[in-house]
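As structure tokens, the structure follows; a few thoughts come after it.
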Amino acid sequence: MEKNLLPVLILREMVLFPSRELRIEFDTMEDKQLLSLIESCYQGTMLVVTPVDFLETHFELGELPFLGVEAKLKLKMEMPNGKTRIILEGLERRSVLGYHVEDEITMAEVSFFSEEEIDPKEESAYARSLLKQLHRYIKQVPYISNAILSEVTDTLPLSKLTDLVADMLPTTFSRKLDYLNEVNPVERVKMLRNDMSQDIKVFELEQAIDEKVEKELAESQKEFVLREKLQVIKKELGESNDKDDEINTLKQRVNALKCPPKVKQRLKLELRRYEMASPNSPEVGIIRDYVDWLLSLPWSYQTRDVSSLPEVKRILDSTHYGLEKVKDRILEYLAVKQNTDHSKSPILCLVGPPGVGKTSLAMSIAKSLGRRATKMSVGGIHDEAEILGHRRTYVGASPGRIIQGMRRVKTTNPVFIIDEIDKMTKDIKGDPASALLEVLDPEQNMSFADHYIEEEYDLSKVMFIATANYIEQIPLELLDRLELITISSYTEYEKLDIARNYLIPRALSEHGLTEIEVQFEEAAILSLIRFYTREAGVRELERVIASILRKIVKHFLLDKTIASCLVTSSLVEEYLGPKKYSYTPFGGDILPMEVTTYQGNGTLILTGSLGKVMQESAQIAFSYVKSKAQELGIPIEFMEKSDVHIHVPEGAVVKDGPSAGIALTTALISLFLDQKVSKTIAMTGEMTLRGRILPIGGLKEKVIGAHRSGIKEIYLPKANQNDLEEIPDDVKKDLVFHLVDHYQEIYRSLFASKKKKQEKRKELLTYR
Ligand code: ADP
């Protein structure tokens, strides 16, 4: 290894690469002396070293780096300002074996690097790849002049090429030092490529950001200019202020609105669109309506619930007579709801015939809880858009009835009454029942999506109460979610009490009358119930009471001498005309039946708008009688040679259901045996082909209806025994009930005994 001693020149924050030049200026005496010495004693040759730490003013020998570049002083000029400018030419990297001081000059003992041999092919591949990257770099990154391209060629040795690129690359001092300290040119290629590709990426990113910022800036400037212009144009057109004022008010309302952030954002966006839209475009109205909808929906306001159950009960009692079981169920329901997670309780559904107080009871629940109430009827709807709304693209679109109800009621926690849930129908426009399911499902309804409103609306605080006439007709999927509470028809006596204690006092006060001025005799009320109304509930009754009161008010006004009035049966007749109904068997009706027979071939004819199930019951009855003809004492030939016609009068009213089974059988037997059955006997029950009797529904109504029609004895399925408890005592006391399991029991009690008597008579007659 060749050794050499060289004077040392320390550079600060500057790197001299081999084969490159460096311009430096000196101004201290010390430096100038050192330079003169180098020039005179060492033919201008020296070792240039750059310590890492460039802030230091004085270096210990041990702190100097072990790598330097041998350099030659190429030019030295004394400047007029007293400084000395030199140009250094870098020659080769040298490794430093040691430093020492000689005549006050730092000297380094250096040796050559014997560079590793690189395969020429590999070397040129590295060179080319470096150049390629450099071309990309220069193209992309504007911080470097492309003058460098004239200096670099792939014919340069890799070592020089890398030093050249490292020198030209705009990078930090310490990174340059890293390049210098890396003695292996292949490694240097890697470092350089890496750095360049990093820079390219950063620059691309920078550029993207710049572009975006510029674009945004341009747009906001554009918008500003356009808006200013718009103002001027509007002023010229004389249309400015109204809309601006309106927009300002809308903006204030939007800002003040307490609603989910998404809704607020949406509102702001729509307002912007509204502002920009020309006043003549059709869009204006659509946006305005939409904004109005969002602004007028209750998003956060809710009323405080009354939590005291006794108070709730007091209010329910004050509006509705009786219904003890129903009220208990409601109170239980409310108690459970208060005690558990509010949103998860099932939906109440009040079921019963019209006019028994379902809707008004639901209203009363709302009142008793201190909540507001809103109502929608879903009877007859067959389009799910009625519930979910129409999309805004639809002409004349509006939200569905749920949202409409919420807007009307203005609180987020109302009692929402869904009337006639059993009267919805399905068709091609979708299934409203499944739409309603979304509304009622506590898992989904906190984010109810009306098609018009688009933004989610929270229905989870709403208390839904449904009403229905028939359980059977409630869509099955909904039935699952409902907690059914049945309200059955009222008896005559219940109606009397309701009229006395609730309907009449209410109607009086509505007509501005007092109980001193107008009194109703009990007989008059009963007459209204029996002869002027025909209903399970009391709606009609309420109406006729009101109509009597109207006439009384008129009377009072026409004749000021009259100050009071006692409503009697005859007054009722005078005011309302002759009795409308001979009896009032509604809500459970007796069905009279006619049967006749004539010569034929055993055909069964049925008339009177009988439904399918009822027709089947008649066929079953017919088959039963035929198959048991012998036991029943009916000559089978006679049956086979006759046609039978069964007619159930009031042909226009559709009648259906299986509960006429035993009555049909009885009618047939009565016909064939030619034995009458007393008019005061009624019966209800489904019958099988073999004569077993199955339970039926609605027993209470049926029994009350029968009672009112003057029936004295009733045959009914034994399995319905429990239902008898519900029947009011004043009805029960007038009736004899026969609980039966099999038709034979009816036969025995109605026909067999008489038949025996008849036979005996026949026998006697023949003997005579
Ligand atoms: P539904 O919804 O069952 O058809 P409504 O709730 O409309 O019946 O009731 C009809 C009318 O009868 C209402 O004015 C209601 O106040 C009255 N009503 C019904 N049942 C009772 C009752 N038990 N006590 C007092 N009023 C009643």
Side-chain angles (χ1 to χ4, degrees), residues 312-331 347-369 373-380 405 415-424 463-474 482-511 515 520 525-526 528-529 532-550 584 586-588 698 700-701 704 726 728 730:
V312 170
K313 173 145 172 46
R314 194 188 63 74
I315 292 177
L316 291 182
D317 282 341
S318 76
T319 57
H320 283 76
Y321 164 82
L323 302 174
E324 293 312 330
K325 270 191 179 170
V326 174
K327 289 176 190 163
D328 275 353
R329 281 284 301 280
I330 292 173
L331 289 175
I347 314 292
L348 271 189
C349 179
L350 304 172
V351 189
V356 292
K358 301 178 297 295
T359 317
S360 51
L361 196 61
M363 290 281 186
S364 175
I365 293 175
K367 188 174 157 203
S368 67
L369 286 175
T374 180
K375 189 174 100 170
M376 74 165 178
S377 174
V378 292
V415 167
F416 203 125
I417 302 165
I418 304 176
D419 248 343
E420 306 196 296
I421 202 167
D422 55 340
K423 303 276 189 310
M424 287 182 292
M463 177 171 175
F464 289 100
I465 301 182
T467 78
N469 290 146
Y470 302 102
I471 296 179
E472 298 78 20
Q473 286 167 16
I474 300 175
L482 302 176
E483 167 138 356
L484 299 175
I485 297 184
T486 337
I487 307 183
S488 42
S489 358
Y490 295 122
T491 66
E492 220 169 74
Y493 305 99
E494 283 171 332
K495 286 184 184 177
L496 184 65
D497 279 333
I498 295 175
R500 265 203 204 123
N501 300 315
Y502 291 80
L503 304 182
I504 294 175
R506 208 154 57 201
L508 282 176
S509 86
E510 275 164 19
H511 287 81
E515 283 178 39
F520 280 74
I525 304 175
L526 277 176
L528 287 176
I529 295 170
Y532 292 89
T533 62
R534 189 175 196 178
E535 57 178 350
V538 292
R539 194 179 291 159
E540 190 75 1
L541 184 59
E542 195 174 21
R543 229 177 40 74
V544 289
I545 291 173
S547 111
I548 290 179
L549 292 186
R550 273 200 306 278
T584 58
F586 223 73
K700 180 182 170 193
E701 285 78 13
I704 293 171
E726 279 185 36
D730 46 28

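Remember, it's 1-based here, ligands and their atoms both numbered in the order they're listed.
Within 4.0 Å of ligand 1, heavy atoms belong to protein residues Thr319, His320, Tyr321, Leu323, Pro353, Pro354, Gly355, Val356, Gly357, Lys358, Thr359, Ser360, Tyr490, Ile498, Tyr502, Arg506, Val538, Arg539, Glu542.
Listed by chain and residue number, Glu311, Ser318, Ser364, Lys367, Ser368 satisfy the side-chain contact (heavy atoms from CB on, under 4.5 Å) test with Ile315 (two or more places apart in sequence, or in another chain). Listed by chain and residue number, Cys349, Val351, Ile471, Ile474, Leu479, Leu482 satisfy the side-chain contact (heavy atoms from CB on, under 4.5 Å) test with Leu484 (two or more places apart in sequence, or in another chain). With sequence neighbours left out, the side-chain contact (heavy atoms from CB on, under 4.5 Å) criterion links Asp317 to Lys313, Lys327.
Once rounded to the nearest 0.5 Å, the distance linking CZ of Arg329 with CD1 of Ile485 reads 4.5 Å.
A side-chain N or O of Asp497 and one of Tyr321 form a donor-acceptor pair less than 3.5 Å apart.
Comment: Arg539 does not engage Glu542 in a salt bridge, judged by the lack of any side-chain N to carboxylate O separation of less than 4.0 angstrom.
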